[in-house]
Amino acid sequence: MSGSTALQPLRLTLPDGSVRELPPGSTGRALAESIGSGLARAALAVKVDGQLRDLDRPLESDAAVAIVTERDPEALDLLRHSSAHMLATAVRELFPGARIGFGPSIEDGFYYDFEVPRPFTPEDLEAIEKKMAEVAERDYPFTRDVVDRADANRRFADDPLKLERIAELGDDETITVYTDGPFQDLCRGPHVPRTGRLKHYKLLNAAGAYWRGDERRQMLQRIYGTAWFKKDELDAYLHRLEEAKKRDHRRLGRELDLFMFHPFAPGAPFYTDRGTTMVRVINDYVRELNQRAGYQEIKTPLLYNKGLWEISGHWGKYREHMFLVLDSETGEHDFSLKPMNCPSHHLYFGTRKHSYRELPTGYATFDVLHRNEVSGALGGLTRVRQFQQDDCHVYLMSSQIATEVRRITDMILELYATFGLTATLKFATRPEQRIGEDAMWDRAEADLRAALEATGKPYELKPGDGAFYGPKIDFDVSDSIGRKWQLGTIQLDYAAADRFDLTYVGEDNTEHRPVIIHRAMAGSFERFMAILIEHFAGAFPLWLAPEQVRVIPISDGQTDAARRLAERLRGAGVRVHVDDRNETLNYRIRDGEVWKIPYMAVVGQREADADTLALRVRGAGRKQEIFPAGEFIARVAEENRTRALVP
RNA sequence: GCUGACGUAGCUCAAUUGGCAGAGCAGCUGAUUUGUAAUCAGCAGGUUAGGGGUUCGAUUCCCCUCGUCAGCUCCA
């Protein structure tokens, strides 16, 4: 405690630098009231020397303080954590025997785990939500009590999970209990002042969750919810969920006929003709980038004897994720489908001698990989068992790292920009568990960082998050609705060359170990497809669209003209179809919009006579434009060539 | 893998307490020849995911298998 005596006033410094004096033991609320009654009404908590505290907790010493209201970023956390308590309060009233686990605030909401005899049903959730409204109505204060261990154990005698947590608390830790009405919870706090402050929330779903995420422990029933300060924020969030559902790649993949799954091949997609076209277009683009970088594209075997996996270390650490294959001659499962490309590339590199003159040497491969994910981990194209990566391994001398990393970074950012994706960079440095000398890490991190700085892009530092064999740069991409995906990665590897005994002959005519860079840009094509589908909501830019132009003759009289136009477009490398079905023009226009075709070229008698077309741009409605056929073909070809994002 | 929910025509969904499996869209056939988001009529479409059980009778109730979906420590 500070040396202040009971008679000396507290000196509280506000964010604007002004100082207020209040009697010792005054609460945050008293401070807020002394500033203004409006602020006192808005106050949710108080920040004392940077730490959040309950509004009604006495201030003990001079400090820098700030009143926290809805407008502070931390306030949402507070709101959601308190909402979790209110949820538990309601559950306890409806299910008196329910034992409680943890109930934190999370991104966009909160959850609470309960140990109950049976899982919650959707009807339960409705009832619980109603009960929560009652609890809010009763406007209980959240009160904080400091208790000793014995008291805590007594209070939670019926809640073994809480007792377990209490037992873990150190003797020097303050144990606090928060109470709102009939409910009390072991909790560090802080909370909003009263349940009445919780107004705009919704329970979303319930699902099982292992106690502490440990599959060996009992399964609890978790209820997820979301909470916001304003009704329109809650509505906007729920609307966002709806929108995200609408652009769910699984739904669009079916509606736009891009890919499918069959029960006989769980976790392995079938691509339709349209989906295959997209994969090919993306492939071609990555190929072009690889070629420009001077990387070689190679194809390597899919199936290997375990000898390879023993060298790579997969056999020991990764075997459960590999699809083992029975060798009928030996009767043993001595073969495995490859889960990664690196061992193949290392093997290939090692089959011949390399001069320092040929470094850096890059191998790129689009081969199919298999990883045996547990069934519960599968979902759509983002979590699959079979996939392809835009994988590349570059073998180089350590003196070449900075230049090469810079080159790769530019390449990756260019790729993202082409799809209208923006990336943030993360620089991950040496982890606790690692191989190699500190000097090596110093050098590697310095090189990576220099390369990173050279891009001029801001980056986030993630100390200790590197791979055990080297530091890395991760690329997080934000899509059009703000979701983040980790896509690209550049990893320095100082271990593989040793394991595979890879060498190059240096200028000094002796053998040296190369450094290896693992590079992925799009990551897996499957996941990248999913991200693109959701990013564009299925309305792909022309160059990526499976069907780029649909030619629509108005009536039978123009069918031949339409076909001739399509033929000319096809000649210019355009993916085009003629919709001469026996349907009304309106029907076919609508169909084109539903299928999100970038351009519809309508050909009536006027257009047929003049060798023109009436262009309808996707989403632009009736706003159409008459184009001479030649001009239109040139325009489409140009968009294709430049990979234009918008028409 | 575990917990829960779900699985009905190609797609989206119906089908009282267990009582003859339906509709819209898509498909096919015909009529219609269309000027910018659904023309009309007819036809066809199913071992209700698969298997077993209870029952006079199962889409419905029970069990098993397969698959799909949600979730499985962003730190009391």
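Every chain is numbered from 1 and lettered A, B, ... according to where its sequence line falls, protein lines coming before strand lines.
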Residues A/E168 and A/R165 bridged, charged N to O under 4.0 Å: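 Salt bridge present between A/E168 and A/R165.
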
Need to verify one output field. Residue with the more 5' nearest nucleotide on RNA chain B, A/R254 or A/L615?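 Residue closer to the 5' terminus by nearest nucleotide: A/R254.
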
Nearest to the side chain of A/R590, heavy atoms from C-beta on, is which of B/rU34, B/rG1, B/rA37?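 Of the options given, the side chain of A/R590 lies nearest B/rA37.
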
Look at the side chain of A/P266 and decide which nucleotide, out of B/rA37, B/rU68, B/rU3, has an atom nearest to it.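 For A/P266, the side-chain atoms sit closest to B/rU68.
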
How is [X] classified with respect to the nucleic acid when contacts are heavy atoms under 4.0 Å: base, sugar-phosphate, or nothing?
X	result
A/E164	nothing
A/Q605	base
A/R606	base

Take the protein atom [atom1] of [X] and the nucleotide atom [atom2] of [N], then report the distance between them rounded to whole Å.
X	N	atom1	atom2	value
A/Q558	B/rU36	CD	C1'	14 Å
A/R581	B/rU29	CZ	C1'	16 Å
A/F259	B/rU68	CZ	P	13 Å

Using atom C1' of each nucleotide, how far apart are B/rU59 and B/rA14 to the nearest Å?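 After rounding to an integer number of Å, I get 12 Å for this pair.
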
How far does the C1' atom of B/rC43 sit from the matching atom of B/rU47, given to the nearest Å?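 Those two atoms are separated by 23 Å.
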
Determine whether the side chains of A/D180 and A/T195 contain a donor N or O and an acceptor N or O closer than 3.5 Å.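 Per modelled atom types, A/D180 and A/T195 side chains form no pair under 3.5 Å.
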
Look at the side-chain N and O atoms of [X] and state whether any lies under 4.0 Å from the OP1 or OP2 oxygen of [N].
X	N	answer
A/S555	B/rU33	no
A/R251	B/rC11	no
A/Y587	B/rA26	yes

Working note: A/Y140 + A/F183, criterion ring-ring contact (aromatic ring centres under 6.0 Å, His included); need CA distance, chi angles, decisive distance, verdict. CA-CA 10 Å; A/Y140 295 125; A/F183 179 73; over 10 Å; no

Base B/rA37 paired with A/R616 side chain (donor-acceptor, <3.5 Å):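 Under the 3.5 Å cut-off, the side chain and the base do form a donor-acceptor pair.
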
Could you check whether the side chain of A/N586 and the base of B/rU36 have a donor-acceptor pair of N or O atoms closer than 3.5 Å, going by distance alone?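 Per atom types, no contact qualifies.
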
Keeping to residues at least two apart or across chains, list the salt bridge (charged side-chain N to carboxylate O under 4.0 Å, His left out) pairs with something in residues 105-115 of chain A.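 Listed once each, the pairs are A/D113-A/R222.
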
Ring centres of A/Y201 and A/F110 under 6.0 Å apart?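 That pair fails the under 6.0 Å test.
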
Assign a letter to each nucleotide of nucleotides 69-76 of chain B from its 5' end: B, base within under 4.0 Å of a protein heavy atom; S, sugar-phosphate only; -, no contact. SBBBBBSB

Mind checking whether A/F536 and A/F540 have parallel, tilted or perpendicular rings, split at 30° and 60°?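 Aromatic pair A/F536/A/F540 classed perpendicular.
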
Please identify which of these residues, A/K131, A/K130, A/R118, meets the salt bridge (charged side-chain N to carboxylate O under 4.0 Å, His left out) condition with A/D124.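 One option only clears the test, and that one is A/R118.
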
